[in-house]
Amino acid sequence: MNDMRLFERAATVDEVKIRAKDVNVHYGIAHALKDVSVDIGDRLVTAFIGPSGCGKSTFLRCLNRMNDTIAAARVTGAIELDGQDIYDRRVDPVQLRAKVGMVFQKPNPFPKSIYENVAYGPRIHGLARTRAELDEIVEKALRRAALWNEAKDRLQSPGTGLSGGQQQRLCIARAIATEPEVLLMDEPASALDPIATAQIEELIDELRQTYSVVIVTHSMQQAARVSQRTAFFHLGHLVEYGETGDIFTNPRDPRTESYISGRIG
Amino acid sequence: MSPGWLFLLVLLIAAAGYVLGRSRALSATGGSLRTMHSLPGAYGWNVAMAVLIPSLLILAVWTLVAPAVLGRLVTPMMAGQEGNLSLLMSDVRRVADGLLLLGEDPASITTEGLRDRLAEAGVALGQDVSNATLAAAARYDVLGAWSHWLLTILVLSVALGAAALAVRRTTPTLRARNEVERGIRGLLIAAALVAIATTVGIVLALIFNTIKFFQIYPASEFFFGTTWTPSFGGGSELGILPLVWGTLYISTIALFVAVPLGLLSAVYLSEYASSRVRAWAKPMLEVLAGIPSIVYGLFALLTVGPALMLVFGDGGLGWMQGGTAVITAGLVMGIMLIPFVSSLSDDIINAVPQAMRDGSLGLGATRSETIRQVVLPAALPGIMGAVLLAASRAIGETMIVVLGAGAAARLSLNPFEAMTTITAKIVSQLTGDQDFSSPEALVAFALAMSLFVVTLCLNIVALWIVRRYREQYE
Ligand SMILES: Nc1ncnc2c1ncn2[C@@H]1O[C@H](COP(=O)(O)OP(=O)(O)OP(=O)(O)O)[C@@H](O)[C@H]1O
Ligand SMILES: [Mg+2]
């Protein structure tokens, strides 16, 4: 892994944004997530890695209560955002999701125009007062998601008509247009070419200045390049969590070691 | 031998052919499946098919054509008789059937008292049997017996011959599987052809009768006439406009009731209801959709009409003269269409991928925002299709109109007045004894044709919209 461009590891501000304690998730009788406890830092990029089916997406969905929409899912344990339990009765999941944005594993653009896709969140939350402001928000989001050049001439054509990778970037643009405090990204670069991937990684690093970002990825290099913290999941357990540099150069658990060296997966 | 028995015999020969073909293929290879082109059953089916297709075809064609041919052969015997030839011939046929029922030798029977004896055997005749009729009927029976024998011999020899040929052709290298495949395709095509041919037949019958109507009644008066006063004595005015107006008015009221209620209940069912509620509510709706419209008609006549009279009738606001009115029929028809609209819309809304909702909810949208801004727009073309289908049902509805809207053809804006629709008038023009050459009866075909064209267009548009919608997700 010589090509790793390791960003500065030391966190500028080391505050906890999300604190998860003993989180368990059941889908019916299947136990998908087992006693996961993790502190996600503010203004940091945290990477979730682990073999397919180990529960990365499940845990990510716990963080903005998207598991509420799955009838079979049951979440126990405590998850706090800025010290407030998000599963508390008084917390409105709708407001929570405006603060904790999400880019899904499968691109899911709305059957609307590209413009309307990006403008959707800002419209709902009333972020723009005039059409010009909205135009500006849309353009900025598309630029940051590295889609502007391809989309600027076809803003009114349907978002579903874009290619897979373009749709993925459209969904990223849609998520950042709402200006969330935390951005959860589930394999945001899985369908992207190296150039677009690099642009998205740059975006993630840039977002770190103001937000905290959680990214699920199957690319060890990507985790090493963009994240400061890495969590390794295996069969529903959080096996190891720490500084990205430590995890990759000096893993403590033998399972982590064999995963990052490519022996289990 | 009667065609029924013949049919069973052919099936028997086919079954025997199946067994023979199968065992011949097996024995030729010593039971080793590897060296055979197809599975043993395919060889059996191949023989059975070779038997069934030609013999059943002959059987079917013969049974359909024979009566006409026999009639032709006998007709010259009746040529000298007075009276309508086709009526005479139908008498001949009935007497011929009756003679067979009586089971007497046609050569020795006389016309005396024959009509009463035939009546006892269940064959009612309009007049006494004349000598010529009896002779023709006897001749008809003789020829019929001949025809039966010929048919039996022909079918059996074809079946046996085909079986023998097919069994001889059966060798392990025969591509029996492919031939059976071809046979199955043929069967499916035949089934489709029957369905299409029936439709075409119905449309042709409509068209011919419509043309006949327009030959005796001017088309311009039919399409643009504003009065509908049929009288079988002649001098009737047959303008379709009051009927079109009644149809549109009632259907529009029905859709105004059915579409909002149906759509909202579909949204509730698919987006808000717990799976427990769904589990009983959805089947309930489907049961409602299956209630025959005559039941709704009774409901209109006995419940809704009187209820409306209480409010809008002479005792109340005084707007309504009788329980049967446009508003009564429209409301009840709307109620009938609610489950139809909601069941279709529910399926369409459910077809919107969950990922779409997740995307919206994940951006911090509420449930109703998600439904209004993402789910419904995505489902809109499909819902439009459902509404158009509902509209074409409303236009074609008859019983509710007959019982709920009255029978007066009228051009009026007042929803509390009785009006009627195209379908209801088709019924009233054709009930009772009709002379099918008068414009008053033939107009029913022109009405039916107009209705058919309108609903056809609606259905085509609906299907087109639904299909466009499908393409979006696949
Ligand atoms: N909606 C669901 N219903 C039932 N079981 C589910 C559901 N979603 C996930 N699971 C199960 O939970 C476990 C974890 O799934 P999850 O999607 O979190 O895996 P993942 O780590 O994201 O995998 P991948 O890398 O392949 O995306 C799997 O065993 C999966 O079968
Ligand atoms: Mg996943």
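Just so it is clear, the values below take in all heavy atoms, side chains as well, and ignore hydrogens, waters and symmetry mates. Letters A, B, ... mirror the listed sequences (proteins, then strands); counts begin at 1.
We find the OG1-CG distance between Thr366(B) and Asp92(A) to be 9.0 Å, quoted to the nearest 0.5 Å. Taking CG of Leu363(B) as the reference point, atom CZ of Arg97(A) lies at 10.5 Å (rounded to 0.5 Å). For the atom pair OG1 (Thr69(A)) and CD (Gln354(B)), the distance works out to 5.5 Å, reported to the nearest 0.5 Å. Rounded to the nearest 0.5 angstrom, Arg65(A) CZ and Leu361(B) CG are separated by 12.0 Å.
More than 12 heavy-atom neighbours from other residues, nucleotides or ligands sit within 6.0 angstrom of CD on Glu133(A). When the shell of 6.0 Å around CZ of Arg278(B) is examined, it contains more than 12 heavy atoms from other residues, nucleotides or ligands. Within 6.0 Å of atom CE in Met449(B), more than 12 heavy atoms from other residues, nucleotides or ligands are found, so the atom counts as buried in its surroundings. Counting heavy atoms of neighbouring residues, nucleotides and ligands inside a 6.0 Å radius, atom CZ of Phe256(B) does not exceed 12 of them.
Ala365(B) and Tyr120(A) make their closest contact through CB-OH, 3.9 Å (heavy atoms, listed as atom of the first residue, atom of the second, distance).
For Arg123(A), no part lies under 4.5 angstrom from a heavy atom of chain B. Proximity to chain B (any heavy atom under 4.5 Å) is shown, for Lys99(A), by neither the backbone nor the side chain. For chain A, no part of Ser274(B) is nearby; none of its heavy atoms comes within less than 4.5 Å. The parts of Gln373(B) that come within reach of chain A are both its backbone and its side chain, each placing non-hydrogen atoms under 4.5 angstrom from that chain. Looking at Pro93(A), neither its backbone nor its side chain comes within 4.5 Å of chain B, counting heavy atoms on both sides. Both the backbone and the side chain of Phe110(A) come within less than 4.5 Å of a heavy atom of chain B.
Heavy-atom pairs under 4.5 Å with chain B peak, among Leu96(A), Val100(A), Ile124(A), at Ile124(A). Chain B forms the most heavy-atom pairs under 4.5 Å with one residue out of Glu116(A), Gln95(A), His125(A), and that residue is His125(A).
No donor-acceptor pair under 3.5 Å is formed between the side chain of Asn108(A) and the backbone N or O of Met356(B).
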